[in-house]
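Just so we're on the same page: letters track the sequence lines, and every chain starts at 1. These figures come from a predicted structure and were not determined experimentally.
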Amino acid sequence: MALLTKKDAGLILDPLADNNPITIQVLGICSALAITAELEASIVMSIAVVFVLGVGNVVISLMRNIIPSKIRIIVQLIVVATLVIIVDQVLKAYAYQLSKTLGAFVGLIITNCIIMGRFEAFALANGPWKSFLDGIGNALGYGVILIIVGFFRELLGSGTLLGYPVFGDPIMKTGLYATGYENNGFMIIPPAALIVVGIIIWVQRSRNPVLVEEN
Amino acid sequence: MAVDTDKNSYTVLFAGIMVLLVGSILAFLASGLRPNIQENERFEKQQNILYAMGVNENGDDAGSVNFIPTEEVEGEFTNFIKEQLVIDENGNIEKNDDAFLIDLKKQLAAKKKGKPFQLPLFIGEMNNNKYYVIPMYGKGLWDAIWGFVALDNTMTVQGVYFDHKGETPGLGANIKMRYFMDDFSGESIMDGTQYAGIAVAKGNNDPLNNTKDDNEVDALAGATITGNGVAAMIKESLNLYKDYLETIRVK
């Protein structure tokens with residue numbers, strides 16, 4: 001028997017494109033604006049969200065029949081906050097440099113609406129295995145967009161990728177800068193992320209007209 | 001028998017158990033990991049102090065900030081830092097080999113409330129030069145910023161290290177990038193006989209920071225408030241140590 005049925009594989013693959021949490025479900029936009037000025041930050045945030053959403057979905061799914069409906073949002077918040085604190089503390093104890101790199105991102109996960117969105121929309125109604133796959137799939141779909149946005153913002157805004165100069169030295173005017181090229185300062189401020197996300201949505205919907213909502 | 005999860009008594013019981021459970025897990029985790037975390041923070045502080053006085057593993061690649069390895073930092077710290085001083089509210093100076101453990105944030109809070117406080121200062125020696133390393137603490141845009149500045153006895157900056165808690169990645173967070181920190185080296189903190197600090201100036205038309213006697217370095221794009229925070233932090237911290245610095249300053 002295959003490890004993943006076709007439906008299970010869909011849970012992982014759909015959020016990567018046609019049911020992407022950012023471009024289609026419009027979840028997690030705020031963090032996509034806030035932390036994508038650098039590619040490294042985008043990658044680190046994506047990995048952290050994969051962990052928190054994967055495990056969080058399983059925990060919520062296991063508890064789904066005993067959570068009182070009146071306080072379910074609070075319970076979800078407690079679960080995600082606990083996971084985030086555990087990740088933060090373990091990193092500080094055993095991977096200190098990485099925890100420094102993560103900085104504010106780990107805390108930001110608590111307010112990431114993808115997490116609550118998937119708890120509400122999926123984990124409360126499905127079993128742990130399916131919820132795990134849904135969590136991983138959605139976090140990866142979120143990560144893909146974050147990395148694409150981070151790539152363009154860092155490249156065009158700072159002329160670097162993962163901190164390495166790609167276009168030359170902007171101060172000494174070497175490489176591409178010698179020809180008169182200038183870094184686009186607009187790309188490193190958050191509104192630029194909206195434009196990049198908008199372009200991704202545009203490309204995605206023009207390639208797949210099914211995604212376009214009817215008036 | 002199915003439980004009625006909508007009952008008020010169930011809701012209260014569930015919330016109580018959940019709080020107890022989560023509280024216990026986090027308390028257990030925090031107390032178990034505390035020794036490791038404290039050790040990591042101690043090493044980091046030593047690395048930061050050494051970085052400010054120029055003991056680091058930075059290569060020619062101007063983009064990277066490299067500390068000396070964690071395994072070696074304790075040994076190197078005792079090699080390079082010859083004296084650790086503590087200055088109290090009355091200006092008394094004492095030697096204290098654990099001065100680097102003093103939490104500047106708490107001391108500044110105590111000072112604000114008019115309570116007794118202690119200010120740490122480190123004297124390092126490298127290639128027969130003396131470095132006076134001053135810890136700093138201030139406010140950025142979102143949260144705390146802190147760092148160390150290493151001076152010589154002419155009050156010229158020999159190196160700095162800045163760090164932050166939650167500045168925006170790609171913008172204010174760049175205060176800990178090497179291209180920004182390197183600009184401070186060689187700047188004088190004096191304007192005549194006044195402790196002027198160093199301004200983080202926008203559009204000073206000196207991106208390479210060739211002019212070292214203007215008390216100015218080039219600002220970071222899109223991070224005005226964090227940059228101003230850095231300038232304010234330097235000025236306020238130097239003011240705290242002014243009396244001591246006057247005793248070592250070569251006029």
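When every heavy atom of A:Ile71 is checked against every heavy atom of B:Ala15, the shortest pair comes out as CD1-CB, 4.1 Å. Taking each heavy atom of A:Val79 and B:Met18 in turn, the nearest pair found is CG2-CE, 3.9 Å.
Heavy atoms closer than 4.5 Å to chain A are found in both the backbone and the side chain of B:Thr11. Proximity to chain B is limited to the backbone of A:Asn65, based on heavy atoms less than 4.5 angstrom apart. Both the backbone and the side chain of A:Gln89 come within less than 4.5 Å of a heavy atom in chain B. With a 4.5 Å cut-off on non-hydrogen atoms, A:Lys70 touches chain B through its side chain but not through its backbone. B:Asp163 touches chain A through its side chain: at least one heavy atom from C-beta onward sits under 4.5 Å away, while N, CA, C and O do not.
The salt bridge (charged side-chain N to carboxylate O under 4.0 Å, His left out) test applied to A:Arg64 returns no partner, not counting sequence neighbours.
For CD of B:Glu76, the number of neighbouring non-hydrogen atoms (other residues, nucleotides, ligands) closer than 6.0 Å is greater than 12. Annotation: B:Lys235, atom NZ; neighbour count of heavy atoms from other residues, nucleotides and ligands within 6.0 Å does not exceed 12. Within 6.0 Å of the NZ atom in B:Lys106, the count of heavy atoms belonging to other residues, nucleotides or ligands does not exceed 12. Around atom CD1 of A:Ile29, more than 12 heavy atoms belonging to other residues, nucleotides or ligands sit under 6.0 Å away.
Ranked by heavy-atom pairs under 4.5 Å with chain B, the list A:Ile189, A:Asp169, A:Val75, A:Ile74 is led by A:Val75. Of the residues considered (A:Thr160, A:Ile86, A:Thr36, A:Ile35), A:Ile86 shows the highest number of contacts with chain B, using heavy-atom pairs under 4.5 Å. For the set A:Gly185, A:Ala37, A:Pro68, the count of heavy-atom pairs under 4.5 angstrom toward chain B peaks at A:Pro68. Considering only heavy-atom pairs separated by less than 4.5 Å from chain A, the leading option among B:Glu41, B:Gln38, B:Glu39 is B:Glu41.
Looking at heavy atoms from C-beta onward, B:Thr70 lies out of side-chain contact with A:Tyr96 at the 4.5 angstrom threshold. Inter-residue side-chain proximity for B:Thr5 and A:Arg72 is flagged as unmet; no heavy-atom pair is nearer than 4.5 Å. A:Ser69 places a side-chain heavy atom less than 4.5 Å from the side chain of B:Asp6.
Note that CD1 of A:Ile188 is 7.5 Å distant from CG of B:Asn174, once rounded to the nearest 0.5 Å.
Put simply, the residue from B:Ile25, B:Val22, B:Leu26 that forms a side chain to side chain contact (heavy atoms under 4.5 Å, CB included) with A:Ile85 is B:Leu26.
At least one donor-acceptor pair closer than 3.5 Å links the side chain of B:Tyr10 to the backbone N or O of A:Ile66.
Residue pairs meeting the ring-ring contact (aromatic ring centres under 6.0 Å, His included) criterion with at least one partner in residues 165-192 of chain A, sequence neighbours excluded, are A:Phe167-A:Tyr181, A:Tyr177-A:Tyr181.
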